[in-house]
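For reference, the structure is listed below as structure tokens.
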Amino acid sequence: MEPIRVVLLPGSVLPAGPAYGALLEALGPDVDAVAKDLDLYEGDQPPSDWTLDTEVDGVLREAGAKQWDMFHLVGYSGGGAAALAFAAKYPERLLSLTLLEPAWAGDWGWSQAHARFWEQLGALESLPPEQFMPEFMRLSVRPDVVLPPPPAGDPPPWMAKRPAGIRAFLKDFRNYHLDRERLASFERPVLYVLGGLSNPDQYGDIADRLSTVFREYRVEVFEERHHFDPPHRIEPGRLAGMLREHWQRAEGSNNAD
């Protein structure tokens, strides 16, 4: 039996290695998984012409290097938004889609609470980096969640790129056209993983909105997790089991076609 083929996209903060290391170990050797860093961070500054389509092209390049015609795609946060863009543009390449709290999911169907969230997030963009990151994190979780202090010592070198990278995502979210009708035609299984302690006006709202778009769609809630202690890092074994079941169902459906 051939291994399960998967591309995993990280969010806008942690690189792919530390983001997905524990999950890759939990998935085991029969999963051929590529944890792909975002093209956004290849240089010291985001490319001036960067968009979600840059990340879509990066996934195509990675799949081409592996000679994969079809594969499963997993995306977290900003990588989840890129995964949605990929599913809209190249649905025929995907066996399944997994969304780990995507940062954005199009500009249609927003609730009033979701619109207020984006107004609050937009107000942070003028802050200097040392203020932007804590406020960005604070806004992504429920008000009663206590976030841990930053780790002691100097931050890793890659951290210096993150505020500009997050701003590049926010800029593109205001301009990018995510085709709802193309997503609605996606026939493969979609799994949405939600943290019970994440901001419901952001990630919960997106989970509800996508339920009206995808045909084969389910939500799994990790009640004790939030956006900055996500299941793929904190409960990798439990998530790995869900992913395996999701992928096996998708591949069984594909073989029956």
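Keep in mind that this is a model prediction, so the values were computed, not measured. Hydrogens, waters and symmetry mates are skipped; everything else that's a heavy atom, side chains included, is used.
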Cation-aromatic face contact [X]/[Y], 6.0 Å, 45 degrees:
X: Arg162; Y: Tyr41; value: yes
X: Arg93; Y: Phe71; value: no
X: Arg209; Y: Trp108; value: yes

Side-chain ion pair, [X] and [Y], N-O less than 4.0 Å:
X: Lys89; Y: Asp179; answer: no
X: Arg174; Y: Glu125; answer: yes
X: Arg238; Y: Glu220; answer: no

Say you draw a straight line from [atom1] of [X] to [atom2] of [Y]; how long is it, rounded to the nearest 0.5 Å?
X: Glu135; Y: Leu121; atom1: CD; atom2: CG; value: 11.0 Å
X: Asp201; Y: Arg116; atom1: CG; atom2: CZ; value: 6.5 Å
X: Phe117; Y: Asp205; atom1: CZ; atom2: CG; value: 10.0 Å
X: Ser140; Y: Asn199; atom1: OG; atom2: CG; value: 7.0 Å
X: Ile206; Y: Leu99; atom1: CD1; atom2: CG; value: 9.5 Å
X: Ser185; Y: Arg180; atom1: OG; atom2: CZ; value: 11.0 Å

Legend entry - Derivation and outcome, side chain to side chain contact (heavy atoms under 4.5 Å, CB included), residues Val6 and Thr98: CA-CA 10 Å; Val6 186; Thr98 301; over 6 Å; no
Taking all non-hydrogen atoms of both residues into account, name the closest pair between [X] and [Y] and its distance.
X: Ala82; Y: Val56; value: O-CG2, 4.0 Å
X: Leu73; Y: Leu94; value: CB-CD2, 3.7 Å
X: Pro10; Y: Pro15; value: CB-C, 4.3 Å
X: Ala240; Y: Leu27; value: CB-CD2, 3.7 Å
X: Leu84; Y: Pro102; value: CD1-CB, 4.3 Å
X: Ala16; Y: Asp37; value: N-OD1, 2.7 Å

Donor-acceptor pair, [X] side chain versus [Y] backbone, under 3.5 Å?
X: Lys36; Y: Glu55; result: no
X: Arg138; Y: Arg142; result: yes
X: Glu101; Y: Gly195; result: yes

Donor + acceptor pair across side chains of [X], [Y] (<3.5 Å):
X: Ser77; Y: His227; value: yes
X: Thr51; Y: Asp172; value: no
X: Tyr76; Y: His232; value: no
X: Trp68; Y: Glu62; value: no
X: Asp107; Y: Tyr176; value: no
X: Ser198; Y: His226; value: no

Inset, instruction - Classify the ring geometry between Phe173 and Phe169 as parallel (under 30°), tilted (30 to 60°) or perpendicular (over 60°). - result: tilted
Legend entry - Ring geometry between Tyr90 and Phe86 (parallel below 30°, tilted from 30 to 60°, perpendicular above 60°): tilted
Could you check if a side-chain atom of [X] sits within less than 4.5 angstrom of a side-chain atom of [Y], using non-hydrogen atoms only?
X: Asp229; Y: Arg225; value: yes
X: Leu191; Y: Leu243; value: yes
X: Val190; Y: His246; value: no
X: Asp32; Y: Ile4; value: no
X: Leu9; Y: Val59; value: yes
X: Leu97; Y: Arg188; value: no
X: Arg5; Y: Trp247; value: no
X: Pro163; Y: Met133; value: yes

Legend entry - Stepwise side chain to side chain contact (heavy atoms under 4.5 Å, CB included) test for Gln202 and His114: CA-CA 6 Å; Gln202 166 67 332; His114 194 66; 3.0 Å; yes
For atom [atom1] of [X], is the number of surrounding heavy atoms from other residues, nucleotides or ligands below 6.0 Å larger than 12?
X: Asn175; atom1: CG; value: yes
X: Gln112; atom1: CD; value: no
X: Gln131; atom1: CD; value: yes
X: Glu25; atom1: CD; value: no

Linking I/L/V/M/F/W/Y whenever any side-chain heavy atoms sit under 4.5 Å apart, do [X] and [Y] land together?
X: Trp118; Y: Leu178; answer: yes
X: Trp110; Y: Leu139; answer: yes
X: Leu100; Y: Met137; answer: no
X: Met242; Y: Val221; answer: no
X: Phe228; Y: Phe222; answer: no

Legend entry - Derivation of the side chain to side chain contact (heavy atoms under 4.5 Å, CB included) call for Leu24 and Leu8: CA-CA 10 Å; Leu24 293 177; Leu8 303 103; 3.9 Å; yes
Legend entry - Leu239/Val193 under side chain to side chain contact (heavy atoms under 4.5 Å, CB included): CA gap, chis, key distance, verdict: CA-CA 9 Å; Leu239 179 60; Val193 178; 4.0 Å; yes
Legend entry - Residue list, salt bridge (Lys or Arg N to Asp or Glu O under 4.0 Å) with Asp30, at least two apart or on another chain: Arg244
Inset, instruction - For Phe136, enumerate each residue passing the ring pair (Phe, Tyr, Trp, His ring centres under 6.0 Å) test, keeping only those at least two apart in sequence or located in another chain. - result: Phe132
